[in-house]
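Heads up, the thing below is written out as structure tokens.
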Amino acid sequence: MSAANTHYNGKDFAEWQKEWALEDRYNFRTIEKKWQKIWEDEKVYRAEVDKNKEKFYLLVEFPYPSGVGLHVGHPRSYTALDAVARKKRMQGYNVLYPMGFDAFGLPAENYAVKTGIHPAVSTKQNIANYKRQLKSLGFSFDWDRCIETCDPEYYKWTQWMFLKFFEKGLAYKAKIPINWCPSCKVGLANEEVVDGKCERCGAEVERKDKEQWMIAITKYADRLIDDLDELNFIDRVKTQQINWIGRSQGAELDFDFADEKLRVFTTRPDTAFGVTYMVMAPEHPFVAKYMDRFENKDEVWAYVAEAAKKSDLQRTAGDEKTGVELKGIKARNPYNGQMIPVFISDYVLTGYGTGAIMAVPAHDQRDYDFAKAFNLPIVQVLEGGDISQQAWEEDGAHINSEFLNGMNKEDGMRAAIDYAVKNGFGQAKVNFKLRDWVFSRQRYWGEPIPMVYCEHCGWQPLPESELPLELPEVTDFLPNDDGSSPLAKATDWVNTVCPKCGGKARRETDVMPNWAGSSWYFLRYCDPHNDKEFASKEALDYWMNVDWYNGGMEHTTLHLLYSRFWHKFLYDCGCVSTKEPYKKRTSHGMILAANGEKMSKSRGNVVNPDEIVENFGADTFRLYEMFIGPFDQAAMWSEESLMGVYRFVGKIYSLFKKVSKSKPTEKDLRAMHKCILEVDERIETMKFNTAVSSLMTYVNYLSSMDEIPQEMYEVLLKILSPFAPHIAEEMWARLGYDKTIVNEKWPEGDRKLAEDNVVTLAVQICGKMRGTIEMPKDSPKEEVEKKALQLENVARQIEGCNIKKIIVVPNRIVNIVV
RNA sequence: GCGGGCGUGGUGAAAUUGGUAGACACGUCAGACUUAGGAUCUGAUGGCGCAAGUCAUGGGGGUUCAAGUCCCUUCGCCCGCACCA
């Protein structure tokens, strides 16, 4: 055995073999620690650019290193893609499978408020703990590429990218009503509000006008939808993103109102002859502007004030429509010249479209409800339904619509828009539900926004040479009551000079949201130590795109959407050469406690991965997480089932004693090739639970043998190694190999050898099972029929019956119809 | 309300996509063994029946030689979006 270039660190192989001879029991503790150290010392999983090899980039969402440590849910997806990574490596791919830490965020800051420990310190400790835990599970991450988003060497480039957004006009500061969490004292993006509540703490979100940095993600709305077509994302993800972006095509139309035009957005301009009134949002600028001309001014005021007090949640709570007519001013329908009343009502949203609508109660249920409540006329303009009962929202030929009469929807839409264009009161328009990304957070533990405000020059970007703009030291991490960031208190840091005129200036004190760093981390993995650029073109061109990205469904409209957008922006800047970052996106299900509840500290039902590793070993843990159930579905933790997997691993260990120089029979080879083919396919299709079943079936087969041909055991170790790398590596070494199994060639399953030459066919009479017959594979139909009819059971049952026909499904079934 | 998914033994689940329902495990029962180890091994295990059989994939109906799988209908659960004009 050559000591050099082997994975034994110079230790004498014979010495090890002596040790092994003494070990009768499966001692996972020593085995696993030993191999983890060897893998790490010899950098077995290191990924380098190698243009002669085809690359494969696998990505799992990097964790936020919380104080409680790794959750048993994390390893589910890490193990799954680790299995894929290991298999791909054995198949000759140059695999990049990196890991890092999404390390900025609120919990570290809250912890600092409570304990006074600086977020940088607690984060560092947490990362060390996470690393230890991840390493104890034997993942094949290239730890040399580990990144941390809170590292100035990393966030330097996050800031650099922000400056790009600013340079291209996509980052802008605006005073807009934002979602404000009164408990976290922080503004939230729309994506972070769930059911009107703060995604993080559950407090009801308020509306607050605040100056915020915004990023114009809406400019990419069309592309974010259209480019999904080419991607291999699971459908759930695609449809959720499409729904979230919410594209609707229609038209903007101007109605005359007082001395100006009241503009509305509608998806059905062809129903304009059915408009019987209009509605503006209470916040619509015309309401305040024309207040003095309304005859019922007091009533209008009261309604506006009432609406302002309500949260979004309260406004959408009731089913009943409320509102007030703006008496004294009527609007004029440009299609037919009709004068119609105008209302304000909070069922019209200020943030969508133009904040005003034309109401067509006959064909929109919401308008219908409002019309009924306020006794307004309902004019049907599309055929169908029963307007006396409810609005007719389906299609139908146009009626009562002058030049549109008789047309279908498509023609009617075109004609209505043409007419509006010709007469100068409207045009086609596409609208989105997606809002621009609120990018400011009034917090400490995030990337400082590299902008400076000068009285004379306005907002100025920091020059690139001043990056990274590091976080200043502060002692008080509490957000201020006025809603400003803790950074505002670091006056030395805040007061600076204008990069343009050199005059007095102040730094931006808000920081970026925690979604910033994760929006481009997959690019940094390609070239993590580069201090000249965020990643070299060479590295990016070689490694990108990510071939397979797995992560949680909860990030579909957050991280996944943001990072696709961010990447597209970098593409437009010429910084990356692919339009999309991820080729394939899959998603794992949650791991729940044994009773089906979510694991949480407060419920006291959290399973600690450390304990599982300590008591059963990493291999058992990994195999169990794969075996627990379908990968994309929620699964319940069960220690009993874990024991079953533990037994399985122990069995593999003890089978070693039976390995011999004997030759496999045809039947043995069949079992072996069947298993190879199944495991291979089931890894690719993410059916990890049944892949493990296949391995179990094969191990059961081996157990029943008196002697196990070495070839059969070696194949087992190879196809087992993606799931249980430690024991595979250990037994591989014990077979006498002095090179790691990691780079062994993945076995090829032979379909011919895997096929049975004798098949069992079910014999049915009128579809009911009556028995089985064994036949050579692909026996001619006649023989099958003959043998089936000879079956005692069959002969007895069909006695005295007419055989109508016999259906033979080759190698499967004989069905005798009487 | 709209969109997506699901419903199979005592339990977690399989089922080559229309072809022997319950693979693989857990649990349970019976037996063997003992270097007492979260032991191991062997066998049984959907219900009813001594058996031949028969009933079983949420319920009802249909298509088919054949349905967990396709169609209609109904009930129940989960997830996402939600007054988006």
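Hydrogens, waters and symmetry mates are skipped; everything else that's a heavy atom, side chains included, is used.
- Residue side chain A:Gln241 does not reach the base of B:G80 through any donor-acceptor N/O pair under 3.5 Å, judged by distance alone.
- B:G27 and B:U45 make up a base pair, with Watson-Crick or G-U wobble contacts both under 3.5 Å.
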Under-3.5 Å N/O pairs linking protein and nucleotides 64-67 of chain B:
unit_1: B:C65; atom_1: O2'; unit_2: A:Asn815; atom_2: ND2; d: 3.1
unit_1: B:C65; atom_1: O2; unit_2: A:Asn815; atom_2: ND2; d: 2.6

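- Atom CG in A:Asp235 sits about 18 Å away from atom P in B:C81, given to the nearest Å.
- Look at A:Tyr352 and you'll find a side-chain N or O under 4.0 angstrom from OP1 or OP2 of B:A85.
- Residue A:Thr239 is the one, among A:Lys433 and A:Thr239, whose nearest nucleotide of RNA chain B lies closer to the 5' end (criterion: closest heavy atom).
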Produce the list of close N/O pairs, under 3.5 Å, pairing protein atoms with atoms of nucleotides 53-57 of chain B; give distances to one decimal.
unit_1: B:G53; atom_1: OP1; unit_2: A:Asn793; atom_2: OD1; d: 2.9
unit_1: B:G53; atom_1: OP1; unit_2: A:Asn793; atom_2: ND2; d: 2.9
unit_1: B:U54; atom_1: OP1; unit_2: A:Arg770; atom_2: NH2; d: 3.4
unit_1: B:U54; atom_1: OP2; unit_2: A:Arg770; atom_2: NH1; d: 3.1

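- With both pairing distances under 3.5 Å, B:U8 is matched to nothing as a Watson-Crick or G-U wobble pair.
- Considering only residues two or more places apart in sequence or on other chains, A:Tyr277 meets the ring pair (Phe, Tyr, Trp, His ring centres under 6.0 Å) condition with A:Phe343, A:Phe370.
- Residues A:Tyr646 and A:Trp244 each lie close to RNA chain B; by heavy-atom proximity, the contact nearer the 5' end of the strand is made by A:Tyr646.
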Between protein and nucleic acid, restricted to nucleotides 40-48 of chain B and to nitrogen or oxygen atoms under 3.5 Å apart, what atom pairs and distances do you find?
unit_1: B:U40; atom_1: OP1; unit_2: A:Arg647; atom_2: NE; d: 3.2

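- Annotation: B:C2 and B:C70 have their C1' atoms spaced 26 Å apart (nearest Å).
- Salt-bridge annotation for A:Arg315 and A:Glu283: present, with a side-chain N of the basic residue lying under 4.0 Å from a carboxylate O of the acidic one.
- Nucleotide B:C26 holds its P atom 16 Å from the CH2 atom of A:Trp637, rounded to whole Å.
- For the pair A:Asp364 CG and B:A85 P, the computed distance is 9 Å after rounding to whole Å.
- In this structure, A:Arg236 atom CZ and B:C6 atom P are separated by 10 Å, rounded to whole Å.
- Base-pair partner of B:A14: not found among the strands shown (Watson-Crick or G-U wobble, both distances under 3.5 Å).
- Looking at A:Met686 and A:Asp632, their side chains never come closer than 4.5 Å, going by heavy atoms from C-beta outward.
- Atom CZ of A:Phe688 is separated from atom C1' of B:A25 by 19 Å (rounded to the nearest Å).
- The separation between A:Leu695 atom CG and B:A23 atom P is 18 Å, rounded to whole Å.
- In this structure, B:G9 shows a glycosidic angle within 90 degrees of zero, which is the syn conformation.
- Between the side chains of A:Arg682 and A:Ser694, a donor-acceptor pair is found at a separation under 3.5 Å.
- To the nearest angstrom, P of B:A85 lies 22 Å from CD1 of A:Ile344.
- For A:Lys321 against B:C83, a side-chain N or O and a base N or O form a donor-acceptor pair under 3.5 Å.
- Across all strands shown, B:C81 forms a Watson-Crick or G-U wobble pair with B:G1, both key distances being under 3.5 Å.
- Among residues at least two apart or in separate chains, side chain to side chain donor-acceptor pair (under 3.5 Å) pairs with a member in residues 637-646 of chain A are A:Ser638-A:Ser641.
- Applying the 4.0 Å criterion to OP1 and OP2 of B:A25, one finds that A:Asn700 has a side-chain N or O inside that range.
- You'll find that the side chain of A:Phe265 is closest to B:A85, out of B:G19, B:A85, B:A23.
- Counting only heavy atoms from C-beta outward, the side chains of A:Arg751 and A:His673 never approach each other to under 4.5 Å.
- Figure legend. B:G68 is base-paired to no nucleotide; pairs are counted as Watson-Crick or G-U wobble with both atom distances under 3.5 Å.
- Using a 90° window around 0 for the glycosidic torsion, B:U63 falls outside it and is classed as anti.
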Readout for nucleotides 9-14 of chain B: B = base within 4.0 Å of protein heavy atom, S = sugar-phosphate only, - = neither; 5' to 3' it is ---BSS
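- We find that CD of A:Glu639 is positioned 15 Å from C1' of B:G27, with the value rounded to whole Å.
- Side-chain contact check for A:Tyr352 and A:Ser248: at least one donor-acceptor pair (N or O, by modelled atom type) lies under 3.5 Å.
- Heavy atoms of A:Phe616 sit under 4.0 angstrom from at least one base atom.
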